[in-house]
Protein chains: 2
Amino acid sequence: MTDPDVRNEIMTATYEALCEHGYTDLTAQDIADRTDKSKSLLFYHYDSKEDLVVDFLEYLLEVIDDRVAEIDSLEPAERLSVFVDWFLYGSEGSDQQSFHTAMLELRTQAPYNDRYREQLRRSDDRLRAALEGILEDGIDAGQFVDHDPERTAALLIAAIDGARIRQLTLERDEYLAEVRTALVARIFDELLADDVEFSAERPSTSASKPDRTPDGDRFESDRET
Amino acid sequence: MTDPDVRNEIMTATYEALCEHGYTDLTAQDIADRTDKSKSLLFYHYDSKEDLVVDFLEYLLEVIDDRVAEIDSLEPAERLSVFVDWFLYGSEGSDQQSFHTAMLELRTQAPYNDRYREQLRRSDDRLRAALEGILEDGIDAGQFVDHDPERTAALLIAAIDGARIRQLTLERDEYLAEVRTALVARIFDELLADDVEFSAERPSTSASKPDRTPDGDRFESDRET
């Protein structure tokens, strides 16, 4: 896979096909149909559906890195707020729900698939490192009280992931708001230094909150091209 | 479905078949093979695989109720500890991992299956109500400081569920211990009244912690019969 434009086109097509068909029913044809390439040309770039999905997970990792870099210049408390809201809510797009459902199907394969698991572990490492970095910077800057950033990061990611999966599988949207409120009341209030605040409400349209999604933005921006 | 012994036998067989085959590949034959009944007799009791799975989810709900009732006489702080460890760790059995993987496959179907979703919502209601009850009793007894039990319960369940799913899909066992430690340090320490303690370590064999599992005990005890 050399040409970044070709890869981009295939990744965008994969995202869209996942949203429409889910992971289990995803075929190479579904992806090829969303590009100007034939299915056989797709297999010139990727040996198998698994190969393609592994590269798609790599692509999502790059999206995470982009998003984390985007907020690097903000204050730690604001970075924490933006980070949590990204991963709790994603974007408003209706695609998000179907995309996350497809991703859950894919993740369910990880216990049986070493390559998927390896990629998902790399994402996990990256997410945790990003969150730990925010917490560490906040301690250094005096915005957060001293605590164990590694464990706090593990707890936050577990809580956000669990809330999203419960919201998704139970179709209980209130899970997200409840968990966000509880995170603020039970964790952030304790973490923050006395003179620092964390918004109790989800910022609906904050200037600091890009309205692109952690997973979907590259796709959104490419969709019309 | 009238005879409780017959139902029990079929539920045990379903549990074992789920552990061995997962949810997606589960067939009525796999279940019948683990009973002294034929596949056609199985369909005398259940119209479809879906029907059977819905009743299996109902059965798991009854297991939750049993477990919750079992610890009803303990002090609230101890009930909280036992509850968290049940749902984080389950039992030590190697079946647990494959059972939870199968359950994750099944949950992944919930966005497409109203009946599964309905049952899973009922489990969610029951779990949350049980945890809220523990937190409320703790506030009444002066063991916990005053807080919002509903939101705290939502946060705890999300965090525990998220930790288990990440442990399962990433094969990262450390997630469970990390999240447990963070729950104790970041949430329970704040919840507990000054003179009440919560074990920082997972109680490996506590007298108050039954060594049966929240989901598996009925099956374990029936397995040899």
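Keep in mind the model is a prediction, meaning the values are calculated, not measured. Protein chains get the first letters and strands the later ones, always in sequence-line order, with residue 1 at the start of each. These numbers come from the heavy atoms of this one structure, side chains and all, not from hydrogens, waters or symmetry mates.
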### Query
Got A:Ile165 and B:Arg107 here, is their nearest side-chain heavy-atom distance under 4.5 Å?
yes
### Query
Distance from B:Glu150 atom CD to A:Thr181 atom OG1, nearest 0.5 Å?
10.5 Å
### Query
Does any heavy atom of chain B fall under 4.5 Å from the side chain of A:Asp125, the backbone, both, or neither of them?
both
### Query
Looking at side-chain heavy atoms only, is the closest gap between B:Leu183 and A:Leu155 below 4.5 Å?
yes
### Task
Could you go through the side-chain contact (heavy atoms from CB on, under 4.5 Å) check for B:Ile157 and A:Tyr175 one step at a time?
CA-CA 10 Å; B:Ile157 287 175; A:Tyr175 246 108; 3.8 Å; yes
### Query
Closest approach of A:Ala159 and B:Ala158, non-hydrogen atoms and distance?
O-CB, 3.6 Å
### Query
Are the side chains of A:Thr101 and B:Tyr112 in touch, meaning some heavy atoms are under 4.5 Å apart?
yes
### Task
Mind running side-chain contact (heavy atoms from CB on, under 4.5 Å) on A:Glu105 and B:Glu105 for me, showing each step along the way?
CA-CA 7 Å; A:Glu105 286 182 73; B:Glu105 287 182 73; over 6 Å; no
### Query
Atom CZ of A:Arg172 and atom CG of B:Asp124: how far apart are they, to the nearest 0.5 Å?
5.0 Å
### Query
How long is the span from the OG1 atom in A:Thr108 to the CE atom in B:Met103, to the nearest 0.5 Å?
12.0 Å
### Message
Test your reading of the model: is there a side-chain donor-acceptor pair from B:Arg151 to the backbone of A:Ala182, 3.5 Å cut-off?
### Response
no
### Query
If contact means a heavy atom pair closer than 4.5 Å, which residues of residues 127-140 of chain B contact chain A?
B:Leu127, B:Arg128
### Task
Using a heavy-atom cutoff of under 4.5 Å, enumerate the residues of residues 24-34 of chain B that contact chain A, numbered in order, or state 'none'.
none
### Message
Taking the basic N atoms (NZ, or NE/NH1/NH2) and the acidic carboxylate oxygens, is any pair closer than 4.0 Å for B:Arg164 and A:Asp161?
### Response
no
#### Entry: Residue pair A:Glu190, B:Arg186: steps toward the salt bridge (Lys or Arg N to Asp or Glu O under 4.0 Å) verdict
CA-CA 8 Å; A:Glu190 307 295 335; B:Arg186 304 240 62 84; over 6 Å; no
### Task
Heavy-atom pairs under 4.5 Å with chain B are the metric here; pick the option from A:Leu168, A:Asn113, A:Thr152 that has the most.
A:Thr152
### Message
Can you give me the closest heavy-atom contact between A:Thr169 and B:Ala110, atom names plus distance?
### Response
O-CB, 3.2 Å
